[in-house]
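Comments concern the structure below.
Everything numeric in this text was worked out from a predicted model, so none of it was measured. All values below come from the heavy atoms of this structure, side chains included, with hydrogens, waters and symmetry mates left out.
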Amino acid sequence: MKRILQISAITTLLAASAFAIGQPAGYTGPSAKPAAASATPGYKGPSSVPLTTAKELLDKGKDDQHARLQGKLLSHKGGDDYEFADQSGKITVEIEPEHFPAGVSIDQNTVVELSGEFDKETFGDSSFEVKQIKVVGK
């Protein structure tokens with residue numbers, strides 16, 4: 001009986017993995033793996049958090065500072081990490097698959113606005129944790 005339960009659990013996990021892999025959405029640029037879309041609606045109105053640049057955030061940003069960046073996701077670095085660039089420079093951004101807009105493909109040519117929190121590291125590379133993505137243009 002225990003063996004049947006183990007086989008059943010493994011079969012369920014494999015079926016769920018196959019379903020997740022087949023979901024097209026999210027970032028589709030270089031090195032991209034499709035991200036699962038989320039049907040969860042979010043706030044779409046204006047923000048009082050000022051637009052900043054990657055360079056300004058890296059040079060003067062404080063840990064857990066809320067910020068907005070506007071630019072392009074240049075490439076998928078693996079896992080939840082992407083390389084983001086604006087007119088001032090580049091920064092690593094962390095984007096969980098559910099934060100990509102549902103039904104929208106984003107590639108290296110798509111201009112996006114990212115809202116989230118700066119993760120300042122004393123040692124190592126600082127990054128930006130994305131909580132919301134808005135497509136600004138192609």
- Message: Using a 3.5 Å distance criterion without hydrogens, assess whether the side chain of Asp86 forms a donor-acceptor pair with backbone atoms of Ala54.
- Response: yes

- Task: To the nearest 0.5 angstrom, please state how far the CD1 atom of Ile95 sits from the CD1 atom of Ile106.
- Result: 7.5 Å

- From Lys134, Gln132, Arg68, residue fulfilling side-chain hydrogen bond (donor to acceptor under 3.5 Å, both in side chains) relative to Glu113: Arg68

- Query: His66 side chain to Glu117 main-chain N or O, any donor-acceptor pair under 3.5 Å?
  - Reply: no

- Message: Suppose we call two aromatic rings close when their centres sit under 6.0 Å apart. Are Phe128 and Tyr82 close by that rule?
- Response: no

- Item | Value rounded to 0.5 Å, distance of CD in Gln108 from NE2 in His76 | 13.5 Å

- Message: Take a 6.0 Å sphere around NZ of Lys120 and say whether it holds more than 12 heavy atoms from other residues, nucleotides or ligands.
- Response: yes

- Message: If you apply the rule side chain to side chain contact (heavy atoms under 4.5 Å, CB included), what do you find for Val112 with Gln70, and how did you get there?
- Response: CA-CA 6 Å; Val112 293; Gln70 190 168 329; over 6 Å; no

- If you measure from CD on Glu83 to OG on Ser75, what distance do you get to the nearest 0.5 Å? 4.5 Å

- Item | Residues, nucleotides or ligands: over 12 heavy atoms within 6.0 Å of Asp59 CG | yes

- Query: When rounded to the nearest 0.5 angstrom, what distance separates CG in Asp80 from OG1 in Thr92?
  - Reply: 12.5 Å

- Task: Taking the side chain as every heavy atom from C-beta outward, state whether Glu94 and Val130 have any pair of such atoms under 4.5 Å apart.
- Result: no

- Could you tell me the separation between the NZ atom of Lys55 and the CD1 atom of Ile91, rounded to the nearest 0.5 Å? 12.0 Å

- Between Phe100 and Leu73, the two heavy atoms sitting closest are CE2-CD1, 4.2 Å

- Note on the structure: Residue set satisfying side chain to side chain donor-acceptor pair (under 3.5 Å) with Thr110, at least two apart, ordered chain then number -> Asp107, Lys138

- Message: Keeping Ser126 on the side-chain end and Glu121 on the backbone end, is there a donor-acceptor pair under 3.5 Å?
- Response: yes

- First locate atom CG of Leu69, then atom OG of Ser115, and finally report the distance between them rounded to the nearest 0.5 Å. 8.5 Å

- What's the shortest heavy-atom distance between Leu114 and Phe84, and which atoms? CD1-CD1, 3.5 Å

